[in-house]
J.: 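Here it is: the structure, laid out below.
Below, read A as the first sequence line, B as the second, and so on, with proteins coming before strands; counting in each chain starts at 1. All of these numbers come straight from a predicted model, not from anything done at the bench. Every heavy atom of this structure was used, including side-chain atoms; hydrogens, water molecules and symmetry mates were not.
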Amino acid sequence: MLQITTIRQQPEEIVARLKIKNFDAATHVQSIVALDEQRRELQSRLDETLANANRLAKSIGDLYKAGKADEASRQKEESAALKNTSKTLGEELDATVKKLNDILLLLPNLPNESVPAGKAEADNEIVATGGTLPEKNPTALPHWDLIKKYNIIDFDLGNKVTGAGFPFYRGQGARLQRALINFFLDQGIAAGYLEYQPPLLVNEDSAYGTGQLPDKDGQMYYAPVDKLYLIPTAEVPITNIYRDVLLREEDLPIKNVAYSNCFRREAGSWGAHVRGLNRLHQFDKVEIVQIRTPEESYQALEEMREYVAGLLVELELPYRIVRLCGGDLSFTSALTYDFEVFSSAQERWLEVSSVSNFESFQANRMKLRYKTKEGRTQLAHTLNGSALALPRIVAALLENNQTDDGIRIPKALQAYTGFEMITLG
RNA sequence: GGAGAGGUGGCCGAGUGGUCGAAGGCGCACGCCUGGAAAGUGUGUGUACGUCACAAGCGUACCGAGGGUUCGAAUCCCUCUCUCUCCGCCA
């Protein structure tokens, strides 16, 4: 959520910046400015009325004590009138605040200066590449065939027991999952992140805090009996640790890492390119989250980018990093780097990580603040990134490392899997 | 799930209708004291909103959340929620 003071002070600037995200904010901003004006007016009048009522109450008490009951009951009538006024003003104020807030929630975060304009994927900017692309192999099998051949991931079984997009991992497939999770967590810990194991269901406040609601309502699984949402990413519980928290500057930076299952309904996004592991309703991901001062947050974003790139190097996967254009940028993000690995049999780049700086957008929603060394209270910046999401990593590993003898496991992972090859039988 | 007890400031803890944003203590900050430190001592120490220069000052709200009674509520009533204890159930 954007800060009301920013909108109040530079409404045109906001509208202009949001155009980069292809978001027309003109009407919203206009309403916000008007409602904000109204809100402050009502607040002043209400405060004044309450101040008068407080004065009267005190006076009535004194009069009773002095035995002047007549004068007291006359003032009581006055007080009753004030009470009516304050009740009306209070209701108007609440309604105005609610209206204002509802519109504020609809405004996406401002894009960073460096975000290129653009409508979609094609306008993203490739900022780095790494690893070597495998040679073209016409006989290479896509991962959905490989998993059947080696009998390591079973979609049919998932289909029977749960539904589409909920596969079973089996044998060396399950082992590979576990290896990747542990590898990613250990790397994170080595890089100074604190490991967390979060709840997989969160309440409504948390879903609002990180911005999944109201923007992505319908994309999360929901347990209505208990009013809980299944998390689409560990970002939600991990960042919400700091909801309504006032940190001290010495507490920063905060760097957390967490593994979790992730649940996504993916309503309406099923299509031709989502075979096999490319898109699932439940998948595994290790997430890194940082809380930073505004001064340091972009430096932190670069650190995180380096860190994620390092993981892909260890896994010996060819990758590229793209800076998302305005149109592709998420609702909450100011700047996002997507990481894509090349999947040789599909001959496609698969997104395996998204590293973002949300600046104070989430912090403002969550009231995540910190006290500076000078004693000023201000909003912190939040960042997060996948490090990494498993299914597409697995897809790329399987496709890129297939040999006549089996599927080669990258060296860095072998200590975790306990085997060097995925083999038949 | 049943019964009981309770949620007060960074922490502990007083406070059962007005003088309470809230005693006292701890912690913290700054000063005094000291060769230095400890001890001692003095002062200060919440958040949000409004006014305003995102200053001071002033005003308003906040004692788990939301409603109610009252001229006036941390204090009384109702609902919800969370924690603790006992019982039940259970990985």
J.: Using both distances under 3.5 Å as the test, list the Watson-Crick or G-U wobble partner of G44(B), or none.
T.: C28(B)

J.: If I pick the P atom on G15(B) and the same atom on U85(B), what distance separates them, to the nearest angstrom?
T.: 24 Å

J.: Pairing check on A37(B): which nucleotide meets the Watson-Crick or G-U wobble criteria with it, both distances under 3.5 Å?
T.: none

J.: Go through the structure and list residues passing salt bridge (Lys or Arg N to Asp or Glu O under 4.0 Å) with R408(A), not counting sequence neighbours.
T.: E316(A)

J.: Which atom pairs link the protein and nucleotides 77-83 of chain B when you take only N or O atoms and keep those under 3.5 Å?
T.:
none

J.: Are the charged groups of R39(A) and D36(A) less than 4.0 angstrom apart, N to O?
T.: yes

J.: Indicate, with a heavy-atom threshold strictly under 4.0 Å, whether L56(A) touches base, sugar-phosphate, or nothing.
T.: nothing

J.: Looking at R369(A), does any N or O in its side chain come under 4.0 Å of the phosphate oxygens OP1/OP2 on A48(B)?
T.: yes

J.: Apply side chain to side chain contact (heavy atoms under 4.5 Å, CB included) to Q378(A) and list each qualifying residue two or more places apart in sequence or on a separate chain.
T.: P294(A), E295(A), Y370(A), T372(A), R376(A)

J.: Between K58(A) and D62(A) (salt bridge meaning N to carboxylate O under 4.0 Å), is one present in this structure?
T.: no

J.: Whole angstrom is fine here: how far is it from CG in D244(A) over to P in C62(B)?
T.: 18 Å

J.: Expressed as a whole number of Å, how far does the C1' atom of U8(B) sit from that of A73(B)?
T.: 14 Å

J.: Just name whichever nucleotide pairs with U70(B), Watson-Crick or G-U, keeping both distances under 3.5 Å, else none.
T.: none

J.: If the cut-off is 4.0 Å, is K371(A) near the phosphate of U47(B), judged by side-chain N/O to OP1 or OP2?
T.: yes

J.: Report the distance from atom CG of L246(A) to atom P of G46(B), rounded to the nearest whole Å.
T.: 12 Å

J.: At under 4.0 Å between heavy atoms, what does K83(A) touch on the DNA or RNA strands: base, sugar-phosphate, or nothing?
T.: base

J.: Let me know the distance between NZ of K76(A) and P of G72(B), rounded to the nearest Å.
T.: 9 Å

J.: In whole Å, measure the gap between the C1' atoms of G10(B) and U51(B) for me.
T.: 30 Å

J.: I60(A) has an atom CD1; how far is it from atom C1' of G17(B), in whole Å?
T.: 14 Å

J.: Using atom C1' in both nucleotides, what's the gap between G9(B) and A48(B) to the nearest angstrom?
T.: 15 Å

J.: Any N/O pairs under 3.5 Å between the protein and nucleotides 49-55 of chain B? List them or say none.
T.:
unit_1, atom_1, unit_2, atom_2, d
C49(B), O3', R39(A), NH2, 2.4
C49(B), O2', Q43(A), OE1, 3.2
G50(B), OP1, R39(A), NH2, 2.6
G50(B), O2', S44(A), OG, 2.5

J.: Which side-chain N or O atoms in residues 102-114 of chain A pair as donor and acceptor under 3.5 Å with protein atoms at least two apart or in another chain?
T.:
unit_1, atom_1, unit_2, atom_2, d
D102(A), OD2, K98(A), NZ, 2.9
N109(A), ND2, T332(A), O, 2.9
N109(A), ND2, F358(A), O, 3.1
N112(A), OD1, S114(A), N, 2.8
N112(A), OD1, S114(A), OG, 2.8
N112(A), ND2, Y298(A), OH, 3.1
S114(A), OG, R323(A), NH1, 3.4

J.: A23(B) pairs with which nucleotide, Watson-Crick or G-U wobble, both distances below 3.5 Å?
T.: none

J.: Side chains of T162(A) and H281(A), heavy atoms from C-beta outward: is any pair under 4.5 Å?
T.: no

J.: In whole angstrom, give me the gap between the P atoms of C33(B) and G42(B).
T.: 15 Å

J.: Whole angstroms only, please: what is the CD-P distance between E91(A) and G67(B)?
T.: 11 Å

J.: Under the salt bridge (Lys or Arg N to Asp or Glu O under 4.0 Å) test, which residues partner D24(A), sequence neighbours left out?
T.: none

J.: Using heavy atoms to find the nearest nucleotide of RNA chain B for L46(A) and A57(A) separately, return the residue whose nucleotide is more 5′.
T.: A57(A)

J.: R74(A): which residues meet the salt bridge (Lys or Arg N to Asp or Glu O under 4.0 Å) condition with it, sequence neighbours left out?
T.: E71(A), E78(A)

J.: Among A61(B), A48(B), C71(B), find the nucleotide with the atom closest to the side chain of T377(A).
T.: A48(B)

J.: Going by atom types alone, do Q362(A) and E235(A) pair a side-chain donor with an acceptor below 3.5 Å?
T.: yes

J.: For C63(B), which nucleotide in any strand shown is its Watson-Crick or wobble partner with both distances under 3.5 Å?
T.: none

J.: Could you work out the separation of G18(B) and G13(B) based on their C1' atoms and round it to a whole Å?
T.: 24 Å

J.: Checking all strands, does N54(A) fall into the base, sugar-phosphate, or nothing category for heavy-atom contacts under 4.0 angstrom?
T.: sugar-phosphate

J.: According to the Watson-Crick and G-U wobble definitions, with both distances under 3.5 Å, which nucleotide is paired to G17(B)?
T.: none

J.: Given atom NZ of K367(A) and atom P of C62(B), what is their separation to the nearest angstrom?
T.: 17 Å

J.: Is R248(A) touching bases, backbone alone, or none of the nucleic acid, heavy atoms closer than 4.0 Å?
T.: nothing

J.: Without hydrogens or angle criteria, can the side chains of E48(A) and N52(A) be said to hold a donor-acceptor pair below 3.5 Å?
T.: no

J.: CG of D205(A) versus C1' of A65(B): gap in Å, rounded?
T.: 11 Å

J.: Under the salt bridge (charged side-chain N to carboxylate O under 4.0 Å, His left out) definition, can you give me all pairs with a residue in residues 9-21 of chain A, not counting sequence neighbours?
T.: E13(A)-R17(A)

J.: Which nucleotide, if any, forms a Watson-Crick or G-U wobble pair with A5(B), using both distances under 3.5 Å?
T.: U83(B)

J.: Expressed as a whole number of Å, how far does the P atom of U69(B) sit from that of C62(B)?
T.: 16 Å

J.: Apply salt bridge (Lys or Arg N to Asp or Glu O under 4.0 Å) to E41(A) and list each qualifying residue two or more places apart in sequence or on a separate chain.
T.: R45(A)

J.: Applying a 3.5 Å limit to both distances, which nucleotide forms a Watson-Crick or G-U wobble pair with C58(B)?
T.: G50(B)

J.: Distance check, P atoms only: G27(B) and A39(B), in whole angstrom units.
T.: 8 Å

J.: Report the distance from atom CG of N364(A) to atom P of A48(B), rounded to the nearest whole Å.
T.: 12 Å

